[in-house]
Amino acid sequence: VPLFFGIFAPNFSINITMINITLPDKSVKQVEKGTTAMDIAMSISEGLARNVLSAKVNGEVIDALRPINEDATLSLLTWNDDDGKATMWHSSAHLMAEAVEQLFPGVKFGIGPDIENGFYYDIDFGEYQVSDADFKKIEDRMLQLAREKQTFSRREVSKAEAIKYFTEKGDEYKLELIDELEDGEITFYESGTFTDLCRGPHLPNTGMIKAVKLLGIAGAYWRGDENRKMLTRIYGITFPKAKELTAFLEMMEEAKKRDHRKLGAELEIFTFSQKVGQGLPMWLPKGAELRERLEQFLKNVQKKMGYQQVITPHIGKVELYKTSGHYDKYGEDSFHPITTPVEGEEFFLKPMNCPHHCEIYSSMPKSYRDLPYRIAEFGTVYRYEQSGELHGLTRVRGFTQDDAHIFCTPDQLKEEFKSVMDIVMIIFRALDFNDFITQISLRDPDNTQKYIGSDENWEKAEKAIMEVAEERDLDAVIEYGEAAFYGPKMDFMVKDALGRKWQLGTIQVDYNLPDRFELEYVGSDNEKHRPVMIHRAPFGSMERFVAVLLEHCAGKFPLWLTPDQAIILPISEKYNIYAEKVLNLLKNSEIRALIDERSEKTGRKIRDAELKKIPYMLIVGEKEEKEGMVSVRKQGEGDIGTFTVEEFAKMVNEEIDRLLDVKI
RNA sequence: GCCGAUGUAGCUCAGUUGGCCAGAGCAGCUGAUUUGUAAUCAGCUGGCCGGGGGUUCGAAUCCCUCCAUCGGCUCCA
């Protein structure tokens, strides 16, 4: 019917069915059935129509050229909408596939979706050897095809027809995908010489793609399964304007400057050595001092919150990990045990601190009056990570967790969880971390038998976590089925300079280890009971935290944390003695400072201090010496005036107190 | 671990199709200069061209292999 409709519409106007389209501003347009989003855009303005990438009809994103056949709400999607961008990038994946297929005939295609920043396509290149040297060629062909303004034509096909097409083409990957689809829900999209199995939606035409950049090439296992064939994944991004591509590339360059690996070396925070081994960071003096300040800060908070510090060894007998259950799960895929030469006893480098802490718990009998029992340790652990996984300080083989374990009764769980969350918030605030994601991981409600612990306890814990998040006004993402088998958890995630997410703080409820270690306490009823355990690490690990912090503040650490808070710049060597005097006064006020005694010009000393991101520069010359003052320059801001050393010290300490204003 | 790329001085990079003792800027050291809010000048030091093996009259340049790094995949207690 729709086919005839178009042709004979004028003669049958009396039979035309009208539909109501509600636009985002709530206005309603009455149009003929079969009108497209593009038609409606055109009726509003031609300029708008030129920018429409796709449309959201009754909540579903569809092609702007697809007929609408019933009353609907409609939003026209442009580059300013995430869904619009997604359409552009998904179509770009097709465009790239078309270009690749023309340049490398016979290649086979896996999947090619849009992603957060662009798109990729997984391709089996067969005998071809492709590398980023081929990018130029592919990009040029893509632009050439884009200029042809190819349309994307959507076609519903039967399963048999779909199978026939890809059998003839010889693409087993598409056939596997089709196999999992129901007859009647299969659609093809055809653009230029390329036809793909695809749900859509797509752009009105490829001409809207004005700028193309292929970003990378990587192996990717078919369907994410490491036992299956590795396809070649090409990442790319496209834009409706060349200028946007330039801006994107500039942003990427900026992000690289924030890379913690670069900043960590420049600011002398940490280093790696091939001789020591990959993934084994070493903290340089400035980094070690900074880390100690972070640790001290947390220790102080924890002390106020009733934690006790403990210290445990770096190795533990194999039996310890058999009891904890970690041996069965990870024994093979971990660092292998070390053995004593005479007795042949086996020890593991500790991959976590909990088993040791459980043994501390049971070293003395506990009564309900001893709970909650909170023990903390900056525990260094070692984990085998596949070599390809290592990444700066964010993914290493040896790292220190700001670990603590809380043993409590099920009734105390909620209060304890809340106080742990408060610690996380205190830390995030002191470091000005406000852009983080909170994730709550709960049981899969349809599959509760795969979790250890009673339903009653799980429900209690899950309810407690949700309530705490709500009471503290946290906008948490809830993931069902993401809980560990031993308990629900809450994680805090932060993005790095390139937008990759890293998990930092974690709070986990555990019903498993108390069982395995047979932990007990005597209740008021004089009966033995099993405590609940909470694992928690507000920083996550010192290494990863400092890495994310470096990127977060682009190397400009908060004043209380930064290695050197001020540098004294004497105008000439004549004022070095006065500079020493200023330095001593600052030391008395617990301000970390140093003197640039080189015989350089002031401009040069300022430049170097600016590049080292030292927060305050104190310039001293004849005038300052005579008056007992310092001229203060703030990093990144410039001259802020002349002060006495005491005034300056007070100003700095007040600034620090504001940041560390911790109310417990 | 897998796919792809990279590896030249502390850092950023040059080194033409293999051919004289491997170069520059910054940093460092020495000296001169004594300086007022983002680079003073001069001289010098510094490299087994990631390690090992091979091809060649000759290798930083070509081949093999190992190591490390980078971007992904898979993993992540």
Side-chain angles (χ1 to χ4, degrees), chain A residues 115 120 122 125 129-135 215-235 256 259 261-262 265-266 268 271-279 321 324-331 333-334 350-355 381-392 394-397 401 403 484-486 489 498 500 502-503 506 508 510 512-513 535 544 569-576 598-612 617-624 631-640 642:
Chain A
I115 51 176
Y120 67 79
D122 283 347
F125 277 91
Q129 276 289 347
V130 285
S131 74
D132 52 16
D134 298 298
F135 282 3
L215 298 171
I217 190 162
Y221 301 110
W222 171 233
R223 315 218 85 179
D225 183 341
E226 77 182 302
N227 298 313
R228 305 197 62 177
K229 184 160 180 175
M230 182 165 263
L231 307 181
T232 303
R233 175 172 299 178
I234 300 179
Y235 287 89
K256 270 190 206 156
D259 191 313
R261 291 165 297 193
K262 188 175 160 61
E266 281 171 9
E268 299 172 31
T271 190
F272 287 93
S273 145
Q274 292 195 13
K275 281 208 184 84
V276 171
Q278 56 177 176
Y321 300 102
S324 72
H326 294 114
Y327 182 84
D328 284 342
K329 253 189 126 165
Y330 304 104
D333 303 319
S334 193
K350 70 175 172 188
M352 72 286 292
N353 304 297
C354 2
V381 296
Y382 297 89
R383 296 177 186 180
Y384 170 76
E385 302 285 357
Q386 298 183 83
S387 57
E389 267 315 316
L390 300 168
H391 181 94
T394 48
R395 195 78 184 274
V396 289
R397 285 178 170 170
Q401 294 178 306
D403 214 353
F485 76 95
Y486 51 79
K489 61 177 179 171
L498 291 173
R500 293 173 293 209
W502 295 98
Q503 187 199 307
T506 177
Q508 305 185 6
D510 187 350
N512 178 45
L513 284 185
H535 309 253
R544 186 176 286 182
L569 311 179
I571 294 293
S572 84
E573 284 167 14
K574 282 185 253 172
Y575 311 106
N576 282 357
R598 295 173 305 165
S599 71
E600 292 288 350
K601 289 189 172 177
T602 310
R604 177 54 184 272
K605 291 185 182 182
I606 286 171
R607 180 185 153 80
D608 289 347
E610 287 278 347
L611 292 176
K612 281 191 206 153
M617 284 152 263
L618 308 181
I619 294 139
V620 296
E622 189 181 351
K623 196 176 68 187
E624 288 79 6
S631 287
V632 181
R633 181 189 163 100
K634 201 166 184 176
Q635 200 269 351
E637 289 179 28
D639 195 350
I640 60 168
T642 304

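Residue numbering restarts at 1 for every chain, and letters A, B, ... go by the order of the sequence lines.
Comparing the C1' positions of B/rU61 and B/rA42 gives a spacing of 36 Å, expressed to the nearest Å. Distance noted for atom P between B/rG72 and B/rG54: 38 Å (whole Å). Only the P atoms considered, B/rU33 is 16 Å distant from B/rC41, to the nearest whole Å. Between the P atoms of B/rC63 and B/rA59, the separation comes to 15 Å (whole Å). Nucleotides B/rG19 and B/rG1, compared at atom C1', are 42 Å apart to the nearest Å. The same atom, P, is picked in B/rA9 and in B/rA14; the two are 12 Å apart, to the nearest Å. Nucleotides B/rG43 and B/rA5 are separated by 44 Å at their P atoms, to the nearest Å. Spacing between B/rC62 and B/rU16 at atom C1', rounded to whole Å, works out to 16 Å.
A/Glu610 places a side-chain N or O within 3.5 Å of a backbone atom of A/Gly636 that can act as its donor or acceptor partner.
Nearest nucleotide to the A/Ile571 side chain, out of B/rA5, B/rA27, B/rG36: B/rG36. Looking at the side chain of A/Ser572, the nearest of the listed nucleotides B/rA5, B/rU35, B/rU37 is B/rU35. With distances taken from any side-chain atom of A/Glu573 to the nucleotides B/rU33, B/rA77, B/rU40, the minimum falls on B/rU33. Here B/rC73 is the nucleotide among B/rC73, B/rC75, B/rA5 with the atom lying nearest to any side-chain atom of A/Met230. Here the nucleotide nearest the side chain of A/Leu611, chosen from B/rA38, B/rG4, B/rA77, is B/rA38.
Counting heavy atoms from C-beta outward, A/Leu569 and A/Arg633 have side chains that stay 4.5 Å or more apart. Looking only at side-chain heavy atoms (C-beta outward), A/Ile606 and A/Ile619 come within less than 4.5 Å of each other. Side-chain atoms of A/Tyr120 and A/Ile115, non-hydrogen and from C-beta on, do get closer than 4.5 Å to each other. A/Lys262 has its side chain out of reach of A/Lys256: every pair of non-hydrogen atoms, C-beta onward, lies at least 4.5 Å apart. In this structure, the side chains of A/Cys354 and A/His535 come closer than 4.5 Å at one or more pairs of heavy atoms.
Residue contacts shown for A/Gly621 include a base, since a base heavy atom lies under 4.0 Å away. Among the heavy atoms of the strands, none lies under 4.0 Å from A/Glu266. As judged by a 4.0 angstrom heavy-atom cut-off over every strand, A/Lys574 is placed among residues touching the sugar-phosphate backbone only. A/Thr232 comes within 4.0 angstrom of no nucleic acid atom, judged by non-hydrogen atoms across all strands. Heavy atoms of A/Glu622 sit under 4.0 angstrom from at least one base atom. Residue A/Ala218 is in base contact, counting any heavy-atom pair closer than 4.0 Å across all strands shown. A/Lys605 comes within contact range of no nucleotide atom at all, as no heavy-atom separation falls under 4.0 Å.
A salt bridge is absent between A/Asp608 and A/Lys612: the closest approach of a Lys/Arg side-chain nitrogen to an acidic carboxylate oxygen does not fall below 4.0 angstrom.
For B/rC76, its base never sits under 3.5 Å from the side chain of A/Arg397 at any donor and acceptor pair. Side-chain atoms of A/Ser599 stay outside donor-acceptor range of the base of B/rU34, with no qualifying N/O pair under 3.5 Å. Between the side chain of A/Glu610 and the base of B/rA38, a donor-acceptor pair under 3.5 Å is found. Between the side chain of A/Arg383 and the base of B/rC76, no donor-acceptor pair of N or O atoms lies under 3.5 Å. In terms of polar N and O atoms assigned as donor or acceptor, the side chain of A/Arg607 comes within less than 3.5 Å of the base of B/rA39 in a complementary pairing.
If you measure from atom CG of A/Asp403 to atom P of B/rA77, you get 14 Å, rounded to the nearest angstrom. Rounding to whole angstrom units, OH of residue A/Tyr235 and C1' of B/rA5 are separated by 15 Å. Between A/Tyr221 atom OH and B/rG4 atom P there is a gap of 12 Å when expressed in whole angstrom units. Rounded to whole Å, the distance from CE on A/Met617 to P on B/rA38 is 10 Å. Atom OH of A/Tyr575 is separated from atom C1' of B/rU34 by 9 Å (rounded to the nearest Å). In this structure, A/Glu600 places its CD atom 11 Å from C1' of B/rU34, rounding to the nearest Å. If you measure from atom CD of A/Gln274 to atom C1' of B/rC70, you get 14 Å, rounded to the nearest angstrom. Rounded to whole Å, the distance from CG on A/Leu215 to C1' on B/rA5 is 15 Å.
In this model, the phosphate group of B/rC11 is not approached by any side-chain N or O of A/Lys262 to a distance below 4.0 Å at OP1 or OP2. Residue A/Thr602 places none of its side-chain N or O atoms closer than 4.0 Å to OP1 or OP2 of B/rU37. Distances shown here put a side-chain N or O of A/Gln278 below 4.0 Å from the OP1 or OP2 atom of B/rU69. In this model, the phosphate group of B/rU69 is not approached by any side-chain N or O of A/His391 to a distance below 4.0 Å at OP1 or OP2. OP1 or OP2 of B/rG71 sits under 4.0 Å from a side-chain N or O of A/Arg261.
The partner of B/rA59, taking Watson-Crick or G-U wobble pairs whose two distances both stay under 3.5 Å, does not exist in any strand shown. Of the nucleotides present, B/rA32 is the one that pairs with B/rU40 by Watson-Crick or G-U wobble criteria, both distances under 3.5 Å. Base-pair partner of B/rC70: B/rG4 (Watson-Crick or G-U wobble, both distances under 3.5 Å). Using the Watson-Crick or G-U wobble rule with both distances under 3.5 Å, B/rG18 pairs with nothing in any strand shown.
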- Going through the checks in order, is the salt bridge (Lys or Arg N to Asp or Glu O under 4.0 Å) test met by A/Asp259 and A/Arg261? CA-CA 5 Å; A/Asp259 191 313; A/Arg261 291 165 297 193; 2.5 Å; yes
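A/Thr642 and A/Glu624 are not linked by any side-chain donor-acceptor pair at a separation below 3.5 angstrom, with hydrogens and angles left out of the test.
Positionally, the nearest nucleotide of RNA chain B for A/Gly388 lies more toward the 5' end than for the other of A/Asp639 and A/Gly388. For A/Gln401 and A/Arg633, each mapped to the nucleotide of RNA chain B holding its nearest heavy atom, the one lying further toward the 5' end belongs to A/Arg633.
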